[in-house]
Amino acid sequence: PTSAALPTGNLTTTTSYQAVVTLNGCSASSNEVTVTVNPIPAPGTATAVLSTLCSGNGTTINLASNTAGSTIQWQSKTTGAYADIPGATSAALPTGNLTTTTSYQAVVTLNGCIATSNEVTITVNPIPAPGTATAVLSTLCSGNGTTINLASNTAGSTIQWQSKTTGAYADIPGATNAALNTGNLNTTTTFQAIVTLNGCSAASNEVTVTVNPIPAPGTATAVLSALCSGNGTTINLASNTAGSTIQWQSKTTGAYADIPGATNAALPTGNLTTTTSYQAVVTLNGCNATSNEITVTVTPSSTPGTAAAGSTLLCEGDATIITLTGSVGAIQWQSKTTGAFTDIAGANSATYTTPALTVTTTYQAVVGSSGCTSFSNPVVITINPKPVGGNITPASSSICTNTSTQLTLNNYAGAIQWQSKTTGSFADIPGETDPIYETTNLTVTTTYQAILKSAGCPDAISTSSVITVT
């Protein structure tokens with residue numbers, strides 16, 4: 001170079017310069033100029049602990065292998081040109097919480113010489129909208145379930161439902177749809193949805209499903225489980241959960257129906273005419289339980305009817321037929337001679353033929369069944385003993401005309417009626433009913449006999465006695 005100005009070109013090492021000036025063959029050297037060349041510092045390598053973040057999170061960028069003794073100035077940009085980060089002069093750069101993708105580089109300086117590190121870009125993904133969880137039912141009875149729906153979460157995000165009864169949430173395996181069927185719950189449970197997109201997650205609102213226990217329904221018992229039509233009983237409920245309300249129900253056929261106003265533990269059934277079943281529905285905090293079923297069996301009322309005998313007065317050893325009319329219900333004939341009535345085995349028809357009777361006997365019919373009975377009128381069959389004719393002993397069997405004699409009746413039974421005849425048939429002697437008979441004054445031979453009577457029996461005839469009149 002021969003010009004007064006010397007461009008040195010790019011130097012990589014310290015270099016000295018001088019100018020040799022020549023005039024008319026004569027030369028002279030200028031002073032020496034040394035250009036000191038400092039090396040460019042090694043910028044090192046920048047690396048991020050995390051290169052992808054969710055919005056609102058941060059990471060650390062570390063610079064390594066830069067020239068010892070060099071100074072560091074971190075720079076960042078989201079768009080456009082890099083700008084210094086005030087105070088960011090350490091090898092480790094905490095980014096702080098980021099909400100947008102950001103690039104970083106380090107400017108390294110030594111002896112006035114600068115080098116720039118590699119660029120590190122931290123990709124920041126937005127937090128997805130978690131949406132809103134709502135339960136179809138927020139209060140349940142134990143053993144029931146509901147559905148929880150998630151709406152308005154970010155499109156394309158994935159869902160993972162979680163639940164807890166106490167302590168920390170835990171994932172529900174396979175619960176990844178917007179609608180969560182809780183299944184049957186036995187305890188109060190809280191649910192939330194974890195919504196994830198590009199590795200970033202957000203939790204929905206909490207939904208608590210309150211589970212109320214099923215109350216103990218208690219045990220229903222009837223004071224009487226079998227009744228006659230037109231009577232009633234009381235059904236009592238015991239051992240149901242304290243504080244629960246009671247609603248009694250009944251049915252004769254078909255489905256149960258509430259009994260209006262029947263809300264006490266003791267239920268008077270009122271007078272029943274048909275078999276009826278009862279149960280109690282016990283309620284606490286909207287949860288119901290049903291007691292055992294109690295059936296009160298109602299037997300129809302009976303009608304005793306009227307008993308009448310073919311004959312109420314019989315002779316010893318005779319029988320009669322007793323007929324029951326107008327009865328409703330099963331029939332059982334009873335009899336007694338003294339004391340209490342007793343059943344007659346096999347006597348269950350409307351007509352009853354007595355055996356041969358020897359003593360006065362009373363009969364009645366018991367009509368009905370299962371303790372629902374009524375009694376017919378009693379029928380007394382009076383039994384009279386058979387008459388015995390006996391024998392006549394005359395004081396004298398031969399008398400003079402216009403005189404009398406005395407007849408005595410012995411060994412007889414029954415009511416006496418003396419009879420006499422002179423010829424033809426015997427005829428009653430009016431008023432003569434004593435066992436000793438004084439004849440009138442006789443003028444002709446006369447024959448006598450006594451008729452022995454007992455009501456209901458054929459008459460008996462004594463021996464005859466002939467009184468000869470001379």
Side-chain angles (χ1 to χ4, degrees), residues 222-235 252-253 268-277 294-389 412-417 428 433 451-460:
V223 174
L224 295 171
S225 59
L227 299 174
C228 299
S229 181
N231 293 283
T233 186
T234 297
I235 303 174
T252 54
T253 58
T269 63
N271 292 335
L272 302 177
T273 58
T274 187
T275 296
T276 304
S277 295
I294 293 290
T295 297
V296 179
T297 302
V298 177
T299 300
S301 298
S302 60
T303 301
T306 302
S311 176
T312 58
L313 184 63
L314 297 180
C315 187
E316 180 183 8
D318 289 344
T320 190
I321 296 173
I322 305 173
T323 301
L324 184 67
T325 58
S327 66
V328 176
I331 297 171
Q332 173 62 63
W333 288 98
Q334 295 181 324
S335 68
K336 69 174 181 176
T337 54
T338 59
F341 281 100
T342 58
D343 290 347
I344 303 170
N348 308 114
S349 299
T351 57
Y352 170 66
T353 301
T354 70
L357 300 176
T358 58
V359 294
T360 294
T361 305
T362 303
Y363 293 90
Q364 69 178 9
V366 181
V367 180
S369 61
S370 301
C372 300
T373 54
S374 55
F375 298 88
S376 73
N377 57 298
V379 174
V380 179
I381 307 299
T382 302
I383 304 300
N384 286 324
K386 291 181 179 180
V388 176
Y412 69 93
I416 300 170
Q417 176 59 62
D428 290 346
T433 58
I451 300 298
L452 281 301
K453 295 180 179 291
S454 181
C457 297
D459 293 344

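Remember, it's a predicted structure, so these values are computed and weren't measured experimentally.
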TODO: Using atom types as modelled and distance alone, determine if a side-chain donor or acceptor of Ser327 lies under 3.5 Å from a backbone N or O of Gly305.
DONE: no
Side-chain donor-acceptor contacts of residues 353-362 below 3.5 Å, not counting sequence neighbours, with atom names and distances?
from   : atom 1 : to     : atom 2 : distance (Å)
Thr354 : OG1    : Thr320 : N      : 2.9
Thr354 : OG1    : Thr320 : O      : 3.3
Thr360 : OG1    : Ile383 : N      : 3.1
Thr361 : OG1    : Val359 : O      : 3.0

Task: Step-by-step side chain to side chain contact (heavy atoms under 4.5 Å, CB included) determination, Leu314 to Asn384 - done: CA-CA 6 Å; Leu314 297 180; Asn384 286 324; over 6 Å; no
Open item on the list: Please determine whether the number of non-hydrogen atoms from other residues, nucleotides or ligands lying under 6.0 Å from atom CG of Leu224 exceeds 12.
Closed with: yes
- [ ] Please list, chain by chain and in numerical order, all residues satisfying side-chain hydrogen bond (donor to acceptor under 3.5 Å, both in side chains) with Thr295, sequence neighbours excluded.
- [x] Ser277
Task: Whether Ser454 side chain and Pro385 backbone form a donor-acceptor pair below 3.5 Å - done: yes
Open item on the list: Please enumerate all residues that pass side-chain hydrogen bond (donor to acceptor under 3.5 Å, both in side chains) together with Thr276, with sequence neighbours excluded.
Closed with: none
Task: Gln332: side-chain hydrogen bond (donor to acceptor under 3.5 Å, both in side chains) partners, not counting sequence neighbours - done: Asn348
- [ ] Would you mind listing every ring pair (Phe, Tyr, Trp, His ring centres under 6.0 Å) that reaches into residues 355-383, with sequence neighbours excluded?
- [x] Tyr352-Tyr363
Open item on the list: Quick test of your reading: applying side-chain hydrogen bond (donor to acceptor under 3.5 Å, both in side chains), list the pairs with at least one residue in residues 336-345, sequence neighbours left out, ordered by first then second residue.
Closed with: Gln334-Asp343
- [ ] Identify the heavy atoms of Pro387 and Pro458 that sit nearest to each other, and give their distance.
- [x] CG-O, 3.2 Å
Task: Residues in side-chain hydrogen bond (donor to acceptor under 3.5 Å, both in side chains) contact with Asn271, at least two apart in sequence or another chain - done: none
- [ ] Taking all non-hydrogen atoms of both residues into account, name the closest pair between Ser376 and Pro304 and its distance.
- [x] N-CB, 3.7 Å
- [ ] Scan residues 298-329 for pairs that pass ring pair (Phe, Tyr, Trp, His ring centres under 6.0 Å), counting only residues two or more places apart or in two chains.
- [x] none
Open item on the list: Between Trp333 (side chain only) and Gly346 (backbone N and O only), is there a donor and an acceptor less than 3.5 Å apart?
Closed with: no
TODO: For residues 328-362, pull every pair meeting disulfide bond (SG atoms under 2.5 Å apart), keeping only residues two or more places apart or in separate chains.
DONE: none
TODO: For Thr234 and Pro268, work out which heavy atoms get closest and say how close.
DONE: OG1-CA, 4.1 Å
TODO: Only pairs at least two apart or in different chains count here, so list each side-chain hydrogen bond (donor to acceptor under 3.5 Å, both in side chains) that has a residue in residues 299-312.
DONE: Ser302-Ser374
Task: Nearest non-hydrogen partners of Ala309 and Ile381, listed with the distance - done: CB-CD1, 3.5 Å
TODO: Apply the test side chain to side chain contact (heavy atoms under 4.5 Å, CB included) to residues Thr269 and Ile235: give CA-CA distance (whole Å), side-chain angles for both, the deciding distance (0.1 Å), then the verdict.
DONE: CA-CA 7 Å; Thr269 63; Ile235 303 174; 4.0 Å; yes
Task: Residue pair Lys386 / Glu316: nearest heavy atoms and the distance that separates them - done: CE-O, 3.2 Å
Task: Pairwise distance CG(Asn377) to CG(Leu324) - rounded to 0.5 angstrom - done: 8.0 Å
Task: Heavy-atom pair of closest approach, residues Leu272 and Leu227 - done: CD1-CD1, 4.0 Å
Open item on the list: Quick test of your reading: applying disulfide bond (SG atoms under 2.5 Å apart), list the pairs with at least one residue in residues 314-389, sequence neighbours left out, ordered by first then second residue.
Closed with: Cys228-Cys372, Cys315-Cys457
Task: Contacts of type salt bridge (charged side-chain N to carboxylate O under 4.0 Å, His left out), residue Asp459, not counting sequence neighbours - done: Lys453
